Novice: 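Input: one structure, supplied below.
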Amino acid sequence: MWVQFRVPCPTPDGRTARDLYQARVDGITPEMQASAERHGCRFHRAWYASDGSAFYAIALWETREGASAFFDEWQIQDEPGEVAVILEGDVGLVPTP
């Protein structure tokens with residue numbers, strides 16, 4: 001299951017897209033990476049728009065239950081204004097990671 005996340009920025013609490021990105025740079029530990037893999041995360045990347053208008057992430061999870069268990073374990077909450085979109089279909093030029 002591919003999920004795309006978008007957070008318009010600045011957030012209602014004043015954080016910038018770069019702030020949200022940096023929080024991931026600082027917060028993603030080897031333990032968190034191992035946990036994500038155990039819960040079925042097969043791909044995860046995050047970016048911030050160069051104009052600062054939004055933070056983006058995309059993830060590939062084996063199941064919704066695995067994703068939920070990971071977010072519960074690490075007490076990860078949605079960012080203010082965050083929108084998550086489940087993406088259907090899968091076509092591309094290179095193999096799925």
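None of these values were measured; they are calculated from a predicted model.
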Novice: Nearest heavy-atom pair of Ala54 and Ala17: which atoms, and what distance?
Specialist: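 Between these two residues, the closest heavy atoms are O-CB, 3.3 Å.
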Novice: Which heavy atom of Ser35 sits nearest to which heavy atom of Trp74, and what is that distance?
Specialist: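 Closest approach of Ser35 to Trp74, heavy atoms only: OG-NE1, 2.9 Å.
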Novice: Write down the atom of Ser53, the atom of Asp51, and the distance for their closest heavy-atom approach.
Specialist: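 Nearest heavy atoms, Ser53 then Asp51: OG-OD1, 2.7 Å.
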Novice: Could you give the distance from NE2 (His44) to CE (Met32), rounded to the nearest 0.5 Å?
Specialist: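 The NE2 atom of His44 sits 9.5 Å away from the CE atom of Met32.
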Novice: Would you list the pairs meeting salt bridge (charged side-chain N to carboxylate O under 4.0 Å, His left out) in which at least one residue belongs to residues 76-87, sequence neighbours left out?
Specialist: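 Found Arg15-Glu79, Arg24-Glu79.
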Novice: Just how far is it from atom CG of Leu60 to atom CZ of Arg42, taken to the nearest 0.5 Å?
Specialist: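 So the CG of Leu60 and the CZ of Arg42 are separated by 8.5 Å.
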Novice: Going hydrophobic residue to hydrophobic residue with side-chain gaps under 4.5 angstrom, can you get from Ile58 over to Val83?
Specialist: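 In one cluster: yes.
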Novice: Would you kindly confirm whether Val25 and Val7 end up in one hydrophobic cluster when ILVMFWY residues are joined by side chain heavy atoms under 4.5 Å apart?
Specialist: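 Yes; Val7 is reachable from Val25 via cluster members.
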Novice: If you group Ile, Leu, Val, Met, Phe, Trp and Tyr by side-chain heavy-atom gaps below 4.5 Å, do Ile86 and Phe43 land in one group?
Specialist: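 No, no single cluster joins them.
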Novice: Is it true that Trp47 and Val3 fall in one hydrophobic cluster, defined by side-chain heavy atoms closer than 4.5 Å?
Specialist: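 Different hydrophobic clusters.
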Novice: For Gly14 and Asp19, which heavy atoms make the closest approach, and how far apart are they?
Specialist: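 Closest approach of Gly14 to Asp19: O-OD2, 4.4 Å.
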Novice: Side chains of Trp2 and Asp90: closer than 4.5 Å at any heavy-atom pair?
Specialist: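 They are in side-chain contact.
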Novice: Quick check for you: to the nearest 0.5 Å, what is the distance between Met1 atom CE and Cys41 atom SG?
Specialist: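 Atom-to-atom, Met1:CE and Cys41:SG are 9.5 Å apart.
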Novice: Between Thr11 and Pro80, what is the shortest heavy-atom contact and its length?
Specialist: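 Smallest heavy-atom distance, with atoms named: CG2-O, 4.1 Å.
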Novice: Using the rule that Ile, Leu, Val, Met, Phe, Trp and Tyr join whenever any side-chain heavy atoms are under 4.5 Å apart, tell me whether Tyr21 and Phe5 fall into a single cluster.
Specialist: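 Each belongs to a different hydrophobic cluster.
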Novice: Is the number of heavy atoms from other residues, nucleotides or ligands under 6.0 Å of Glu37 CD greater than 12?
Specialist: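 Check fails, neighbour count at 12 or below.
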Novice: What orientation do Trp61 and Phe70 show, parallel under 30°, tilted 30 to 60°, or perpendicular over 60°?
Specialist: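 Aromatic pair Trp61/Phe70 classed tilted.
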